[in-house]
Amino acid sequence: MNLLEWSPLEVVAATFGVISVFLSTRQNIWSWPTAIVNVGLYAVVFYQGRLYGQMGLQPIYLALSVYGWYQWLHGGDQKTELRVSSASPQLLTVLLALNLVAWLALAAVLRRTDAALPWLDALLATTSLVAQWMMTRKILENWLLWIVVDVVYVPMFISQRLYATALLYAAFLVLAVMGYVEWRRSLVRRAAAA
């Protein structure tokens, strides 16, 4: 790994990503504005790395960040702060089906481009969208999805010589475990108080 191969833009984007996810583990509302900066920068990084599925995610992440920002502030009962919840089996089934359809559709599109890894890029892209939507709604299981995709993202980014991004996703993996533990505690505390 050559430090000189890291682009300054990638390093700045990665830094904002770590800050954003760390704040998310703490259910801190500032996770959303830092996420907006992160996705703006990563749109360029992924374009340069020919990871078009990941690049295409960035405008969607931008919209989800604005939505999540609002939901965390006003998505709870009586437009109050949203609290951590757990996904129902029905919701998980619907999300799995949507992810499968979206993955196959996106992979079909990416295969018609010079995408580096169309099938894998598409699967990680669509699964990440599901996880991000779940995060906007403070659904605990979002962290489990992030753990799974981060384990795969790290070697994918290394294969594309996006070393700062690979390190970022290794940090995201650690943060996803922390997020799951913290959000689960929050859910248990709330259940015990009720």
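- Annotation: side chain of I19 is in contact with side chain of L23 (closest heavy-atom distance under 4.5 Å).
- Of the candidates L64, L57, I60, Q132 forms a side-chain contact (heavy atoms from CB on, under 4.5 Å) with just one, namely L64.
- Atom CG of L95 and atom CD1 of I139 lie 7.0 Å apart (nearest 0.5 Å).
- In terms of the salt bridge (charged side-chain N to carboxylate O under 4.0 Å, His left out) criterion, residue partners of R83 (sequence neighbours excluded) are, by chain and number, E81.
- Taking CG of N99 as the start and CG of L129 as the end, the distance is 8.5 Å to the nearest 0.5 Å.
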Less than 3.5 Å apart, which donor and acceptor atoms pair up between the side chains of residues 33-45 and the rest of the protein, not counting sequence neighbours?
from, atom 1, to, atom 2, distance (Å)
T34, OG1, W30, O, 3.0
T34, OG1, S31, O, 3.0
N38, ND2, A13, O, 2.7
Y42, OH, T165, OG1, 2.9

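- The closest side-chain heavy-atom distance from Q58 to Y47 is not below 4.5 Å.
- With sequence neighbours excluded, the residues forming a side-chain hydrogen bond (donor to acceptor under 3.5 Å, both in side chains) with Y52 are D114, listed by chain and number.
- A176 and I147 get closest at one heavy-atom pair: CB-CG1, 3.6 Å.
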Item to check | Audit row: W146, V21, side-chain contact (heavy atoms from CB on, under 4.5 Å) steps and yes/no | outcome: CA-CA 11 Å; W146 284 123; V21 175; over 6 Å; no
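- Looking at Y163 and E10, their side chains never come closer than 4.5 Å, going by heavy atoms from C-beta outward.
- For residues 169-181, no pair satisfies side chain to side chain donor-acceptor pair (under 3.5 Å), with sequence neighbours left out.
- Across every non-hydrogen atom of M135 and W72, the tightest pair is O-NE1, 3.0 Å.
- At a threshold of 4.5 Å between non-hydrogen side-chain atoms, the residues V154 and L173 do not count as touching.
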Between side-chain atoms of residues 185-194 and protein atoms elsewhere (two or more places apart, or another chain), which donor-acceptor pairs fall under 3.5 Å?
from, atom 1, to, atom 2, distance (Å)
R185, NH1, E182, OE2, 3.1
S186, OG, Q27, NE2, 3.4
R190, NH1, V84, O, 2.4

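- In this structure, the side chains of L104 and W119 come closer than 4.5 Å at one or more pairs of heavy atoms.
- Remark: Y70 engages H74 in a ring pair (Phe, Tyr, Trp, His ring centres under 6.0 Å) (not counting sequence neighbours).
- One distance of note links CH2 of W143 with CE of M178; it measures 9.0 Å at 0.5 Å rounding.
- Between S159 and M156, the shortest heavy-atom contact is OG-O, 2.6 Å.
- Of the possible donor and acceptor atoms, one in the side chain of Y153 sits under 3.5 Å from a partner among the backbone N and O of L124.
- Y61 and S128 make their closest contact through OH-CB, 2.8 Å (heavy atoms, listed as atom of the first residue, atom of the second, distance).
- Aromatic ring centroids of F172 and F22 lie 6.0 Å or more apart.
- Between L82 and Q71, the shortest heavy-atom contact is CB-O, 3.3 Å.
- Residues passing the side-chain hydrogen bond (donor to acceptor under 3.5 Å, both in side chains) test with T136: none are found, sequence neighbours excluded.
- Taking a 4.5 Å side-chain heavy-atom cut-off between Ile, Leu, Val, Met, Phe, Trp and Tyr, the cluster of L98 extends to V94.
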Item to check | M134/L144 under side-chain contact (heavy atoms from CB on, under 4.5 Å): CA gap, chis, key distance, verdict | outcome: CA-CA 11 Å; M134 292 171 76; L144 298 176; over 6 Å; no
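- Here the closest heavy-atom approach between residue L168 and residue G17 is recorded as CD1-C, 4.1 Å.
- Residue pairs meeting the side chain to side chain donor-acceptor pair (under 3.5 Å) criterion with at least one member in residues 101-111, sequence neighbours excluded, do not occur.
- For the side-chain hydrogen bond (donor to acceptor under 3.5 Å, both in side chains) test, no residue two or more places apart in sequence or in another chain qualifies with S85.
- Rounding to the nearest 0.5 Å places CZ of R50 at 12.0 Å from CG of L110.
- Between L145 and V149, the closest side-chain pair of non-hydrogen atoms is not below 4.5 Å.
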Next on the checklist: With side-chain contact (heavy atoms from CB on, under 4.5 Å) as the criterion, how do Y67 and W32 come out once you've worked through the C-alpha distance, each side chain's angles and the decisive distance to 0.1 Å?
Outcome noted: CA-CA 9 Å; Y67 174 74; W32 297 110; over 6 Å; no
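- With sequence neighbours excluded, the residues forming a side-chain hydrogen bond (donor to acceptor under 3.5 Å, both in side chains) with S86 are E141, listed by chain and number.
- For the side chain to side chain donor-acceptor pair (under 3.5 Å) condition, no pair includes a residue of residues 14-23, sequence neighbours left out.
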